[in-house]
Participant: 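My structure is below; once you've seen it, I'll send some questions.
Lettering of chains follows the sequences in order, A, B, ..., and the numbering in each one begins at 1. When reading the values below, keep in mind they use all heavy atoms of this one structure, side chains included, and skip hydrogens, waters and symmetry mates.
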Number of protein chains: 2
Amino acid sequence: MSDVARAAGVSAMTVSNVLTGRRRVSPATRSRVEQAATHLGYELNLTARHLRAGRTDTVALVVPHFDHPYFGELAARLAGLLAAEDRHLVVEQTGASREAELAAVARARARWQLYDGVVLSAVGMTAADLDAMHTSVPLVLLGEQEMSARYAHVRMDNVGGARLATAHLLAAGARRIAVVGGAEPSAEAGMMPARTLGWSLAHDDAGVQAAPELIVRAPADLTSGRDAVRRIVREGLDLDAVLAVTDSLAVGVLAGLAEAGRRVPDDVQVVGFDNLASSEFTVPALSTVDPGHEWLATETLRLLEAAIARGPAAAADGAADVPQHVTAPARLVLRGTTRDHRD
Amino acid sequence: MSDVARAAGVSAMTVSNVLTGRRRVSPATRSRVEQAATHLGYELNLTARHLRAGRTDTVALVVPHFDHPYFGELAARLAGLLAAEDRHLVVEQTGASREAELAAVARARARWQLYDGVVLSAVGMTAADLDAMHTSVPLVLLGEQEMSARYAHVRMDNVGGARLATAHLLAAGARRIAVVGGAEPSAEAGMMPARTLGWSLAHDDAGVQAAPELIVRAPADLTSGRDAVRRIVREGLDLDAVLAVTDSLAVGVLAGLAEAGRRVPDDVQVVGFDNLASSEFTVPALSTVDPGHEWLATETLRLLEAAIARGPAAAADGAADVPQHVTAPARLVLRGTTRDHRD
DNA sequence: CTGAAAGCGCTAACAT
DNA sequence: ATGTTAGCGCTTTCAG
């Protein structure tokens, strides 16, 4: 920068002023500076500006794995909202497992200071892990960990959404509903247990006995969805519907059912959860639970703004002005993998 | 940091030494420092370190849009490779259109200095745009722009891949092959023209007349794939196969064909291009061109390393040691949307 | 093994 | 409208 200043015959301060536009600079000087800058191929050093300013106008979204469409969609939404105020979004990855997440978070404490705020989507961390994590960086948590009082938290209505979906299947006549990606039902233990709880509650609501052997454990990916169906078929389990706890699983389930020659929705109905953009385009089109994407993104940023406003200092202590915990409203999207109600 | 130093009764320098491990520190001092740091909740300021060091150990992948599975997969691969050497990957988005890309690139010149190197995946920029873009940041280009001599460039074999796929369709008996996402055939004008050229050349190879009315223009997304089929059906166009220039389009095409009651592959065969992870799970499973993902990621980083080693200074001038341009080898992956050869 | 000084490149605050 | 000074928080270099 001083090179440019020298070339233009002014001080570094004036160059800075031209670049930021913060102070009035006479047109003549301005153009001399601009010429000199172009001529020298000068590029502002943001690292230095950030150090000086103590802020970076950048928010990070930290996700378990880059390669998951859900986070891509979320990132795009957040980036859109941030761009409107001239701020940037960068996406970083932790690495899915609890261990990887903890390691990443440990390393990240320092790293996150590079950002004005962080949206952390943690899948493997427990509430205890979160409490052990101290960071002064304004943070919003996304996901299904138990609430940590120290950080703002945005979550989906997993129980409600799964309950809605299962209720629809039951109303459409299904009586043997497998929950692929299921787990021990619980509102507290993560996404899979919560969605399984919704499945279970819907059965109670309808006065139908839920069959525990239809809880099919599976990681939330495409391959596992197909494998789950193969397993079900191999074991000769009777079923007339599937609640897949994620759309990725549902896509795998559809592939598995096709492979097994089961017709969807005539023989087996399927409902997913997430309403990914691609889910409208499966054959048949996937019925699914929409977790309230827009709402989630907007609310996440609102809470992050609040955390940033509270200041990095306050982020760590349970200030009077407590971080909020909100739940997005889920909504059922009916397409071609379910039959109509019979009522 | 000076706070920690004071609390531990040492100098800031010693704190730094404890943190970096670069110099020997006596165990006693080390533990005093560590205690003080934990006690004060001290977090190293990376911005300052980066300013001082002139490097950030971070590489950025800049993509048109977060919400595209192809880039998610690429990012995951690059992150994996980088993590092995304790370096970080962040993903940023430009915004798909040429205008957005140019604006982003203009703003980005300064921004990219935050990184040791940048992998830029540009879809809308022309060679002229690239030449107009001066940056001292080590850069590798991904995509189908004409080669810019100034930057290393990794591309897919679009022409070869599409030619391979089309040849297979022709050999399997198809004679009316629509190219969805097609364009004026050309090796120079971007991904769509290149893949359309492959389609055209395969016809020449087989001595079959390619029907120009079967070039169906469409942006590369799911909806457009379905819309393209709807248009084809509405216009009563005769066809027995589709080359979709991306897997996303192909998925939309499959949805459109299902909607129109055309059986795949009996009535219409379909081949995509990209081999996304999800493409194995369509019904029927999508036959597609694999652009050599692994190879692409590895090669990209190799070239980026070279650019970084050449140094930021050299990035701008056409040094003796010229940046390289490489093309990944494409491979046909046959699954359920194509019929077998009849030869 | 530890410390003091200096500076990375920028900009707020205070001159002029 | 422009310049001077000082300092953001770290680490390299040179001294002890």
Participant: With no hydrogens and no angle check, is any side-chain donor or acceptor of A:His88 less than 3.5 Å from a backbone partner on A:Ala60?
Facilitator: no
Participant: Can you check whether A:Arg49 has a side-chain N or O nearer than 4.0 Å to OP1 or OP2 of C:dT11?
Facilitator: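 Answer is yes, contact under 4.0 Å.
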Participant: When we call it a touch if two heavy atoms are under 4.0 Å apart, what does A:Ser11 touch: a base, just sugar-phosphate, or nothing?
Facilitator: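 Counting heavy atoms under 4.0 Å across all strands, the contact made by A:Ser11 includes a base.
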Participant: Among the nucleotides C:dT2, D:dC10, C:dT11, which one has an atom lying closest to any side-chain atom of B:Arg52?
Facilitator: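 Out of C:dT2, D:dC10, C:dT11, the nucleotide with an atom closest to B:Arg52's side chain is D:dC10.
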Participant: Please check the phosphate of D:dT2 (OP1 and OP2 only) for any side-chain N or O of A:Thr29 closer than 4.0 Å.
Facilitator: yes
Participant: For a quick check of understanding: with a heavy-atom distance under 4.0 Å over all strands, which category does B:Thr20 fall into, base, sugar-phosphate or nothing?
Facilitator: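 B:Thr20: backbone/sugar contact only, no base atoms under 4.0 Å.
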Participant: Between A:Ser26 and D:dT2, does any side-chain N or O lie under 4.0 Å from OP1 or OP2?
Facilitator: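 Yes, A:Ser26 has a side-chain N/O under 4.0 Å of OP1/OP2 on D:dT2.
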Participant: Report the residue (B:Leu51 or B:Arg24) whose heavy-atom-nearest nucleotide on DNA chain C is the more 5′ of the two.
Facilitator: B:Arg24
Participant: Is B:Arg23 touching bases, backbone alone, or none of the nucleic acid, heavy atoms closer than 4.0 Å?
Facilitator: base
Participant: Which residue lies toward the 5' end of DNA chain C, A:Ala53 or B:Val10, if each is placed at its nearest nucleotide?
Facilitator: B:Val10
Participant: So, does A:Ser2 get its side chain near the phosphate of C:dG9, meaning an N or O under 4.0 Å from OP1 or OP2?
Facilitator: no
Participant: Using the side-chain heavy atoms of B:Met1, tell me which of these nucleotides is nearest: D:dC10, D:dT13, C:dA13.
Facilitator: D:dC10
Participant: Does B:Arg302 pair with B:Glu299 as a salt bridge, N-O distance under 4.0 Å?
Facilitator: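 Judged by the 4.0 Å cut-off on N to carboxylate O distance, B:Arg302 and B:Glu299 do form a salt bridge.
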Participant: Under 4.0 Å between any heavy atoms, over every strand shown, what does B:Leu46 touch: base, sugar-phosphate, or nothing? Just pick one.
Facilitator: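 Touches nothing.
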Participant: Determine, stepwise, if the pair A:Met13 / A:Arg23 fulfils side chain to side chain contact (heavy atoms under 4.5 Å, CB included).
Facilitator: CA-CA 10 Å; A:Met13 198 58 237; A:Arg23 283 195 342 194; 4.3 Å; yes
Participant: Can you tell me if B:Thr20 and B:Arg49 form a side-chain donor-acceptor pair at under 3.5 Å?
Facilitator: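 Per modelled atom types, B:Thr20 and B:Arg49 side chains form no pair under 3.5 Å.
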